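Since this is a predicted model, take the numbers as computed values, not measurements.
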Amino acid sequence: MTVHVQAAIAKSLAPPTSTLWNTQLREFAKQCLFSDALHLYRRMLRSGQSPNVFTFPFVLKSSAALSFSVTGALLHGHVLKTGCEPEPFVQTSLISMMREEVVSVNSVTLLGLIPGCFSPVDLDLGKSLHCCSIKIGLELDSSVGNCLLTMYVKCGSVEYARKVFDEMPEKGLITWNAMISGYSQNGFATRVLDLYREMKLVGVSPDPVTLVGVLSSCTHLGAHGVGREVEQRIELCGFGSNPFLMNSLVNMYARCGNLVKAHSIFSSMKERSLVSWTAIIGGYGMHGHGELAVKLFEEMIKAGIKPDKTLFVTILSACSHSGLTDRGLEYFATMERSYGLQPGSEHYSCVVDLLGRAGRLKEAEELIRSMKVKPDGAVWGALLNACKIHKNVKLAELAFERVIELEPANIGYYVLLSNIYSDAENSEGVLKVRTMMRERKLRKEPGYSYVEFKGEVHIFLAGDRTHQQTDDIYRMLAELESLVRKLCESNGIGGKMKNEQHLIGENNVHSEKLAIAFGLLNTRPGMEIIVIKNLRACDDCHLFLKLVSKIADREFIVRDATRFHHFKDGVCSCRDYW
DNA sequence: GTAGGGTTAG
């Protein structure tokens, strides 16, 4: 179409109609070729073709994107804000054009203007466009409403978006999708699932776009049940060839630990994009199969696909979790050398983690000092974490000092340092950290864990006794604890358990332990137990849960704020190498 | 002729 239009205009075989001009303008605006759009607009005027109501949105959008002044007062504010002087051509051509036609702001104009505000810095301008649409009584128009809703989502104002959503009298598929994707992209996974249920109840049929948002939220929540329902729907509706949807499905299964299923979907895909590869490689890496992740990565390179920055984060972390230190360092070196990708802070934090887990703390510290970009909190945080593993109090103090300069309110780092002191039996240090937290009025958010069982969510806090099965749960825990102790003594791993001894007992019952005990009580062998934890899963529970999986011969997953921990037969597929 | 989509560490 585009080629045809260009050819028609260039050869002037027939005088282009306004529709042809507008189609080409729209193409340019869509591809963000804004100055091309403005040039085309100039040619259009020169050729004697008058712009009409369909012309304005694309010209206005292009002008707005280029920060040029367009329609009077509305965008004048924008120009002042960015400090861009209006380009003389745009100004003169617009003024002359306006003189000839009365520009009335209608829904089409708004639809051209609002997408110019799809970024948090333009939120104020977007709000004024919202006011403008209310003034002319168009805010309830479904296209304008959808557009405003999306604008708020892209600006990160989910609550405003929801307000627009609630006020819209006619909610079409696109309205539901915009809200569902909006929640999904901003991390409100439970709200996505609520809205999805509501949508089906009012009789709107989900399409692939809906399901992508829903699947992404299932992945974050570990909501396997909904995920499987979505998969059935995909088959039923014949959406199986949609690459976006298939990527989401691969990602969901990969992250939930069902790598066989993830791989089979991945293999069956006709088009495998970089995102598909990232999903499957990340899945293997996350579950401790670093060798397989590396193998797939090499396969991808051989297939002629170029990795991007995201994939490098994924592969570096895969190497880190499987102890493939040197392989990871090689990849880090090729990033810039072979692919021209400048490593960012996120890559450095992976490499610090890589070196740190391997005990190469000195090199990790040197790497940070050699960084061209300013290290962020995550980089020093990775070093601090390594100090916890390898019990280096001195370096930990330095890393803590740096990380706290950058993220003074991040409680996780205070807890980490406190645990490092506690491991070193340095009670003075523990006290120091606690005082610091009190002075800064920082309080640790209470950790909780929950299990989804028969459509209900069972939530537990540390030491919780409110659940109706409390007695049985505690009995089960006491039994497990005594079996764990026996196993430790007979296998001579009591040393590792030493730090954990004080955790056993009612005062130190972690929420994930309660959730697992609940799961063991209520599910049959062979059924998977998935526990979700709001914060990071407790390191001290790790060994306990591994041993429980052996004793009870059961498989379970603890999904915490950062990753999946897959426990099976006494092994955790996550960070098990050390 | 308008609005909605997948991947990333700690």
Apply side-chain contact (heavy atoms from CB on, under 4.5 Å) to A:E167 and list each qualifying residue two or more places apart in sequence or on a separate chain. A:K163

Could you list the residues that satisfy side-chain contact (heavy atoms from CB on, under 4.5 Å) with A:F239, not counting sequence neighbours? A:P208, A:L211, A:I234, A:C237, A:L245

Please check the phosphate of [N] (OP1 and OP2 only) for any side-chain N or O of [X] closer than 4.0 Å.
| X | N | value |
| --- | --- | --- |
| A:N251 | B:dT7 | yes |
| A:H321 | B:dG10 | yes |
| A:R272 | B:dG6 | no |

Kindly point out which of [options] is positioned nearest to the side chain of [X]?
| X | options | result |
| --- | --- | --- |
| A:T150 | B:dG10, B:dA3, B:dG5 | B:dA3 |
| A:E346 | B:dT7, B:dA9, B:dG6 | B:dA9 |
| A:R255 | B:dT8, B:dG6, B:dA3 | B:dT8 |
| A:T310 | B:dT8, B:dA9, B:dG6 | B:dT8 |

Selection: residues 232-247 of chain A, any non-hydrogen atom under 4.0 Å of DNA chain B: A:N242, A:F244, A:N247

Does anything in residues 206-216 of chain A reach DNA chain B, meaning a heavy atom under 4.0 Å, and if so which residues? A:D207, A:P208, A:V209, A:V212, A:S216

Between [X] ([atom1]) and [N] ([atom2]), how many Å, whole number?
| X | N | atom1 | atom2 | result |
| --- | --- | --- | --- | --- |
| A:L383 | B:dG10 | CG | P | 15 Å |
| A:L311 | B:dT8 | CG | C1' | 9 Å |
| A:K154 | B:dG5 | NZ | C1' | 9 Å |
| A:N186 | B:dG5 | CG | C1' | 14 Å |
| A:L25 | B:dG1 | CG | C1' | 12 Å |
| A:Q185 | B:dG5 | CD | C1' | 8 Å |
| A:D353 | B:dT8 | CG | P | 17 Å |
| A:I281 | B:dA9 | CD1 | P | 13 Å |

Run the ring-centre check on [X] versus [Y] and record whether the distance is less than 6.0 Å.
| X | Y | value |
| --- | --- | --- |
| A:F312 | A:F332 | no |
| A:F266 | A:W277 | yes |
| A:W176 | A:F165 | yes |

Any donor-acceptor N/O pair under 3.5 Å between B:dG6 base and A:T278 side chain: no

Look at atom CD of A:E298 and say whether more than 12 heavy atoms of other residues, nucleotides or ligands are closer to it than 6.0 Å. yes

More than 12 foreign heavy atoms under 6.0 Å from NZ of A:K200: is that the case here? yes

For the pair A:L173 and A:M199, evaluate side-chain contact (heavy atoms from CB on, under 4.5 Å) and give the outcome as yes or no after the intermediate values. CA-CA 9 Å; A:L173 176 62; A:M199 172 184 183; 3.7 Å; yes

What residues form a ring-ring contact (aromatic ring centres under 6.0 Å, His included) with A:Y152, not counting sequence neighbours? A:H130, A:Y160

Once you apply a heavy-atom cut-off of 4.0 Å, does A:A378 come out as touching a base, just sugar-phosphate, or nothing? base

Suppose the criterion is side chain to side chain donor-acceptor pair (under 3.5 Å): which pairs have a residue in residues 395-408 of chain A, not counting sequence neighbours? A:E397-A:Y421, A:E407-A:N410

